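All values derive from a computational prediction rather than experimental measurement.
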Amino acid sequence: QVQLMESGGDLVQPGGSLRLSCAASGFTFSKYTMTWYRQAPGKERELVALVSTAGGSTNYADSVKGRFTISRDNAKKMVYLQMNSLKPEDTAVYFCKALSITSWGQGTQVTVSS
């Protein structure tokens with residue numbers, strides 16, 4: 001059974017930083033591209049970042065490029081999202097997901113506000 005458990009969300013001031021973590025189990029983690037999505041209130045879920053199976057290739061939404069960094073640790077079956085220079089518009093529930101696997105975790109809330 002695929003399980004994804006996100007953590008690390010918090011209330012942070014604009015300009016601050018957070019590091020999100022996602023623990024994966026129930027599938028062969030190292031064989032899947034991993035992604036982070038987010039969903040803001042009243043908006044559709046959007047792809048934020050993805051990282052290739054070995055971690056050597058990453059891609060980002062234009063809105064977070066240069067501020068967010070996705071990484072993974074295949075030995076620990078973990079994927080991370082380092083978020084710097086946070087803006088109020090980054091406020092959302094953040095989810096990790098394995099590409100081509102339909103399961104979602106419960107998400108972690110990130111709120112950027114002064």
Provide the closest heavy-atom pair for [X] versus [Y] in the form atom of the first, atom of the second, distance.
X: Thr33; Y: Val51; answer: CG2-O, 3.2 Å
X: Gly9; Y: Leu20; answer: N-CD2, 3.6 Å
X: Ser85; Y: Arg67; answer: O-NH1, 2.9 Å
X: Cys96; Y: Glu6; answer: N-OE2, 2.9 Å
X: Asp73; Y: Phe29; answer: O-CE2, 3.9 Å
X: Ala49; Y: Leu81; answer: CB-CD1, 4.2 Å

Stepwise side chain to side chain contact (heavy atoms under 4.5 Å, CB included) check, Met78 with Ser21
CA-CA 7 Å; Met78 297 287 294; Ser21 299; 3.8 Å; yes
More than 12 heavy atoms of other residues, nucleotides or ligands under 6.0 Å from CE of Met5: is that the case?
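Open.
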Is Glu44 atom CD crowded by more than 12 heavy atoms from other residues, nucleotides or ligands, each under 6.0 Å away?
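Counting neighbours around CD of Glu44, 12 or fewer heavy atoms of other residues, nucleotides or ligands fall under 6.0 Å, so no.
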Check for me, please, whether [X] and [Y] land in the same ILVMFWY cluster - side-chain distances under 4.5 Å, paths through other members count.
X: Val2; Y: Val79; result: yes
X: Val112; Y: Leu11; result: no
X: Tyr37; Y: Met34; result: no
X: Leu99; Y: Phe27; result: no
X: Tyr94; Y: Tyr60; result: yes

Quick one: does any side-chain atom of Asn74 pair with a main-chain N or O of Thr53 as donor and acceptor, under 3.5 Å?
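The answer is yes, because a donor-acceptor pair under 3.5 Å joins these two groups.
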Tell me whether Ser114 contacts the main-chain N or O of Gln13 through its side chain, where contact means a donor paired with an acceptor under 3.5 Å.
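Judged by distance alone, no pair lies under 3.5 Å.
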Per the side-chain contact (heavy atoms from CB on, under 4.5 Å) rule, which among Asn59, Thr35, Val64, Thr58 passes with Ile70?
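Of Asn59, Thr35, Val64, Thr58, side-chain contact (heavy atoms from CB on, under 4.5 Å) with Ile70 is met by Thr58 alone.
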Salt-bridge present (Lys65, Asp62; N to O < 4.0 Å)
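Yes, this pair counts.
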I need the [X] [atom1] to [Y] [atom2] distance, nearest 0.5 Å.
X: Arg19; Y: Met83; atom1: CZ; atom2: CE; value: 11.5 Å
X: Thr91; Y: Gln109; atom1: OG1; atom2: CD; value: 7.5 Å
X: Thr111; Y: Asp10; atom1: OG1; atom2: CG; value: 8.5 Å
X: Glu89; Y: Arg38; atom1: CD; atom2: CZ; value: 8.0 Å
X: Tyr32; Y: Lys97; atom1: OH; atom2: NZ; value: 10.5 Å

Determine whether the aromatic ring centres of Trp36 and Phe68 lie less than 6.0 Å apart.
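When the ring centroids of Trp36 and Phe68 are compared, they turn out to be at least 6.0 Å apart.
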Listed partners of Gln3 passing side-chain hydrogen bond (donor to acceptor under 3.5 Å, both in side chains), at least two apart:
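By the side-chain hydrogen bond (donor to acceptor under 3.5 Å, both in side chains) rule, Gln3 matches no residue at all.
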Applying side chain to side chain contact (heavy atoms under 4.5 Å, CB included), run through Val110 and Leu18 and close with a yes or a no.
CA-CA 9 Å; Val110 172; Leu18 280 175; 3.9 Å; yes
Partners passing salt bridge (Lys or Arg N to Asp or Glu O under 4.0 Å) against Arg45 (at least two apart in sequence or in another chain):
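Salt bridge (Lys or Arg N to Asp or Glu O under 4.0 Å) check on Arg45 returns nothing, list empty.
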